[in-house]
Every structure is written in C-alpha cells, then in structure tokens.
Amino acid sequence: MMERLREGANSIWVKIILSLIILSFVFAGVGSYLASGNEQVAAKINGKDISQRQFEQVYQNERNRMQQRMGDYFSTLMSDPAYVKQFRQSVLDRMVNDELIQQRANKLGLSVSNEQVKQEILAMPAFAVNGVFNNEQYNMALRRAGFTPDQFAETIRKDMLRQQFLSALQGSDFVLTDEADELRKLESQQRVVRTLTLNLADFTQKVKVTDKEAQDFYDQNPNLFTRPAQIKVSYVELSDKGLTKDIKVSEQAAETYYKDNQTKFSSAEEREVSHILIKGDTTAAKAKAEALLAKLQSGANFAEVAKQSSDDTFSAKDGGKLEWFTKGMMDPAFEQEAFALAKPGDMSGLVKSSFGYHIILLDGIKAGKVKPFADVKAKIIAELQQQQAADEFYKLKSKLAEVAFESPDSLDATAEAVDAKIIHTGYITPADEKGVLANKQVQETLQSPEVHDDGMNSDVIELGPEHVIVVRVDDARAEAVLPFKDVAAKVNAMVASQKGEQQAQAKADEIMADLRKGKNDIVAKDGLSFSGEQTINRSGPNVNISNVAFSLPKPATSKATYGIARDNNGNVEIIALDKVVTMKLAGEKVDGQFAEQIGQMFAQEDLAATLKTLRESAEISYPMQDESKD
C-alpha cells in the first residue's frame, strides 16, 4: 500500500488512471473503435463488442512499447507461452475495464455538452499555432490521422465522460487525521540494506547451447522468428512546397494586389467611449436609466453622473471611461451604437445590452491606418506565390489522377506527367513505416484488393492540404517463419539468455537458503560480496530494491532478513535488510499535500473495487477464447 502511496506522490491519480484507460484509444486510433462489420469478437461487454482487430492493434502497440522499454529481456519473457497468454489477457482486460466505465458513466446520466467538447479541443496544444487554436492545423492533423471531425469529437466526449466518473470517485474520499498521521510515519520510515548482484551476463556467457536445444526452441516458438507479410511499394508524391520556388511575382502585380485589398493591410478603427450602466432588464431599471438620460440632456456633467450613478463601478471611478476598442470586442448592441456616433462629444440614447441599459458618450476616434506598401511587399509576394502554387498544384493533381487512372499498370507515365520522381521501397511492413506511408488511408489502400492483389495504381490519396500521393504495390510476400539458418544466432542468444536466467535464479535460491540458515560463508566461497550498508527510503533511486526491502519483515537483533529482486535487464539482486529506522515525527502536522496523496490512494482503491463490482454484475464473454476451448 505504501508503494502505491509513494507513486501517488509523483502525479495526479486521475491522469494515471486515465492514461491506462484511454491507452487503447491512443494506440488503436479512433477509427478502429467506430468500425463495424462482421468481424471476429475478442470480448463482449453487456452486448457491446470489442473486435479481435481492435484488440490485436492495442496488443501489438503495447508489446512494441514494452520491447522498447525492456529490450532483449522482454523478448526472453515473450518466449514463454504462459507469459504471452498472461500479457495478452491483461491488455484485453484493460479494454474491458474501459468499456465498463463508459457504460457506467452513461447509466449514471453523466454527460458532456457539445460546447464542452469544443472548448476541450480548442485548448489542445497540438492544434495551436503560436499558442492560438488554428482550424487549418486541426483539420490537417485529423486528415493525417485518418479521423473525421465527428469521430474525433466523439472520442473526446467519451474521454471527458470517463474523467467525470473518475473525478466523482476522487471527490467522494476523505482522510481521518489519525489515519493520515500513521501513514505518514510509515512513509517516512527508512531501511538499512546491503545488496549482492548476480549479473545475468556472467551466467549467459558460460552457457553452452546444444544444436538440439536451439532447434527445439526454434520449433516451439515460431512466432518469435516469423517475418510478417511484406510488400514492395512505389509511389509518386505531389505537394505545393516544391512549386513555390519556381513562381515569380512582379512588383507591379504585388502593388496592384495591395491597392485592391487596402482593408487587408489597414489597422482597424478604434473608439474610446465613456458609459453609464444601469444593470437589469426591469421596468425600474429602464426608468432609472431614462431619468439619468434626461438629466444629461439637460446639461449635467457626464463624468459626475457616471461616478454617482453607474452600476459599472470599475469605470465609474474614472467618469465611466473605457479602454480603446475595435469592432468585435464589445457587446453587439453596445458596439453598434458606439460606432454609429459621428464625432467626439456625441451621446447616445438608451442602449439595451445583455448587461442592462447604457448611455454612451463618444470620447475619441482613431482612424484605421493603411500600412505602407514597402512594409507589406514581401508578405504580399509570398501570398501571391502561395496562391499561384496552389492553383498549379490543383492542375497537376487533376493530371495526376487522370494519368494514374489511364495507365494503371505503371507509375512511369504518371510521374512524367507531373514532372515528379517515382520512389521505390524494398520489402516493407506497412505497420512499421514512418512518413507518408504511415498515413492510415495509405496503409488501408495498400491492403485493398485492387492495389495489393491486382497491382493497380491507387486513386489520389489526400495526405494534407495541397499534399497528395498515388501508390502501387510492385511485389508482395506472405508471412513466413524464417529458416533456422537465417536466425540461428538470434535463437542461440535467446536460449543462452533463458538458460543463464535459470542458472542465476538457481544460484540465488541456493545463496538465499544458506543465508537464511545463517551460513554466510557461501557468499565468499563463490567470490561474491555484498555492498556496503546504505540507508534507503521508499522513493529510493532503485525502485526494485526499495519495493523488496520495504516488503521484508523487520530483522531480529544482529540478524538480517533477505529478499530477491530483478532489474529490467534480468539481473538478480539479493537484498539483505539489516535494520528498520523509524523517524521521529512527533509534533509535526500532516500537511495538506500528503493528506491529498492519501486520498488519491484511497480513490485508486475505490476504482479497483468499483471495477470489481462492475465486472461481477456485467455480462462479459470472450468469444475467441471460448471457441479455442471447443
């Protein structure tokens, strides 16, 4: 429990849980969750399906993530069929939990409005340019990912709905003072340990792998040596980027554009006004405003009346004066009347806005100024170049589509028609590709019967604004287990690592058995030694050692207790716990942050209990697993 508390100190629990819950969305993509059809079903939750394809996408990406994190040690783990089965089930269980929370949130009547979804998207840094939401950036990002705006918005809505549910769990927890104090004492506890490391590499180097052992491992684990289905691809890519540099814009053309679009290069007119506000939409409010207007029309000083009577207390202190503003900054009714006043000193009648009744006095006008041509010349030329490049791009795009269709057996004529190069790849696995071939629509097209099986040119595929591609498959080869001779070195290394791990564990068990009997000479006999004493806390630099050390029983006087840990490289670490140090914290109060962390820990426990209850009451089945048992 204290380890979970320590982890909670580093991040907000909701984000931790959400990162696990929505992991499947991040890896599988929105589109896969909205797909339909007669697909095989991996899990069914109260009538809602998770397709086998969805599951395999999430599983493969999670496997890749773990491979990158743990390297060859993870490959060794994955050579164990029992581990693979457990790993696959854990991924599927997480997806089931995801769906259970979604269904529970819906049943509770939790909802997220369209406006909330909109604001969430507007706040996403991925769609911002210079810190401001950019619609073009948004649409481009969605197109590249293969999402429609509706699909993306629906995913955001579901994620926000889950967050509502999880936040409700967090908000329902509280911590008693005595409870927090005891946990704080445990959290501050320290332990004095020594460590002895058995390096996996030392054991692996001494291992002898026989030809039979290597062959048996190869035969029993064909999935580790299977080359995926692969294809050779050719493509022609077209964008407006390469077109701009060849376009020349004369100064005369730029000046003509400047004269025809003066408003584009002008600063907006600004106005300064003073106002008197009477809040409300009642008859009394209107009558009061009318009385003030009559008083002003009789010659009363506007600033004095504003100071005495305006409900806008902030501006009233300055006689009702507001900051300079342009169109689009004020309430529409207020703004319309302010810009209708002809000259400084003019006063409006009563103006009804969403705030109440206003009387407006025009104080000043700053006319919009046209920027000199010299200041905007470079910008105009770049804009005209971009416009002409876009025009040229769409002409070439039409030609690209036409020729690719008319000559479907080759890209030669297509490339020549648009003066582009044909890019050829060797054998590739599309799912591993980056760049243009990683585009979701491109990958789907490469697997379509017309392109993959018949060898035809694809239609023009939109990659982004003014960016398209035509692809074809030149050759394909099916998934196959690589010949033993091609992977012999890899097989031998994996078997050696597996045997080395077994021997390291056996040696660790032998040492542990003698140490627990008080026989300490075994360590020296093997040329090994414990490190010097070190005092660690729960958040020590080596998490593996800390986890085991704080799970060991308190040692008796002058007698250590022992435990075994493993690091991410598979090395075995024997831990000797010599002493437990209890810190003196009397008189100190539990701070709010620590109490909050405890609350977060309890909230995680609540979530686990909630998921357990949801699972027990739900109808959950695993059709693919059930079929395999028949």
Side-chain angles (χ1 to χ4, degrees), residues 113-123 128 130-135 257-376 379-380:
S113 69
N114 292 338
E115 182 62 25
Q116 287 175 298
V117 173
K118 176 183 175 182
Q119 293 305 317
E120 183 75 7
I121 293 174
L122 289 175
N130 296 326
V132 179
F133 177 83
N134 183 281
N135 195 59
Y257 183 84
Y258 171 76
K259 292 176 180 177
D260 293 341
N261 296 272
Q262 289 283 295
T263 56
K264 206 172 179 183
F265 308 106
S266 301
S267 59
E269 178 186 323
E270 293 183 76
R271 295 215 164 191
E272 183 184 39
V273 303
S274 297
H275 83 131
I276 295 169
L277 169 66
I278 302 302
K279 292 182 180 179
D281 190 19
T282 63
T283 303
K286 184 178 181 182
K288 182 178 179 181
E290 287 175 338
L292 292 176
L293 177 61
K295 187 175 180 180
L296 292 168
Q297 289 171 338
S298 298
N301 182 272
F302 192 96
E304 290 301 321
V305 174
K307 289 178 181 179
Q308 296 170 8
S309 305
S310 179
D311 289 339
D312 180 0
T313 55
F314 183 79
S315 67
K317 296 176 182 177
D318 195 23
K321 191 173 292 293
L322 301 175
E323 297 290 335
W324 288 91
F325 62 92
T326 59
K327 287 185 178 180
M329 295 176 62
M330 295 293 191
D331 178 275
F334 184 96
E335 182 180 284
Q336 181 178 352
E337 185 62 30
F339 277 88
L341 297 173
K343 61 184 183 300
D346 287 353
M347 186 176 70
S348 71
L350 286 192
V351 179
K352 178 69 172 68
S353 79
S354 57
F355 299 98
Y357 292 93
H358 303 262
I359 304 169
I360 304 170
L361 176 69
L362 179 59
D363 295 323
I365 299 175
K366 287 182 183 178
K369 292 182 180 180
V370 180
K371 295 180 182 178
F373 174 68
D375 291 353
V376 295
K379 182 179 179 181
I380 292 174

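In this chain, numbering begins with 1 at the start of the sequence shown. All heavy atoms count here, side chains included; hydrogens, waters and symmetry mates do not. Predicted model, so just to flag it, every value in this text is computed and none were measured.
- In this structure, the separation between CD on E270 and CE on M329 is 8.0 Å, given to the nearest 0.5 Å.
- A cation-pi arrangement is present between K327 and F339 under the rule of less than 6.0 angstrom and at most 45 degrees off the ring axis.
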Test side chain to side chain contact (heavy atoms under 4.5 Å, CB included) on L361 and I276; report intermediate values, then the result. CA-CA 9 Å; L361 176 69; I276 295 169; over 6 Å; no
Check step by step if salt bridge (charged side-chain N to carboxylate O under 4.0 Å, His left out) holds for E269 and R271. CA-CA 7 Å; E269 178 186 323; R271 295 215 164 191; 2.7 Å; yes
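- Heavy atoms from other residues, nucleotides or ligands lying under 6.0 Å from OH of Y257 number more than 12.
- There is no side-chain donor-acceptor pair under 3.5 Å between S348 and H358.
- With salt bridges taken as basic N to acidic carboxylate O contacts below 4.0 Å, none links E120 and K118.
- The shortest side-chain heavy-atom distance between L322 and S315 falls under the 4.5 Å cut-off.
- For CD of E323, the number of neighbouring non-hydrogen atoms (other residues, nucleotides, ligands) closer than 6.0 Å is 12 at most.
- Between Y258 and V370, the shortest heavy-atom contact is OH-CG1, 3.3 Å.
- Comment: K307 does not engage D318 in a salt bridge, judged by the lack of any side-chain N to carboxylate O separation of less than 4.0 angstrom.
- Remark: of the listed residues H275, E337, M347, M347 is the sole one forming a side-chain contact (heavy atoms from CB on, under 4.5 Å) with I359.
- Here the closest non-hydrogen pair linking A268 and T326 is CB-CG2, 3.9 Å.
- Closest non-hydrogen pair, I278 versus K288, comes out as CD1-CE, 3.9 Å.
- Relative to the six-membered ring of F265, K371 misses at least one condition, a distance below 6.0 Å or an angle of at most 45° to the axis.
- Taking every heavy atom of both residues into account, A316 and A306 meet most closely at CB-O, 3.4 Å.
- The aromatic rings of F334 and F325 are tilted relative to each other, their planes meeting at an angle between 30° and 60°.
- Side chain of Q116 to backbone of S113: a donor-acceptor contact under 3.5 angstrom is found.
- Considering all non-hydrogen atoms of both residues, S310 and L277 come closest at OG-N, 3.1 Å.
- Between the side chain of D363 and the backbone N or O of S274, at least one donor-acceptor pair lies under 3.5 Å.
- Within a 6.0 Å sphere centred on NZ of K286, other residues, nucleotides and ligands contribute 12 heavy atoms or fewer.
- Here the shortest heavy-atom pairing between L350 and Y357 reads CD1-CD2, 4.4 Å.
- K295 NZ to F302 CZ: the interatomic distance, rounded to the nearest 0.5 Å, is 12.5 Å.
- Of the possible polar contacts, one joining the D311 side chain to the K279 backbone as a donor-acceptor pair under 3.5 Å is found.
- Here the CG atom belonging to L292 is positioned 9.5 Å from the CD atom belonging to Q308, to the nearest 0.5 angstrom.
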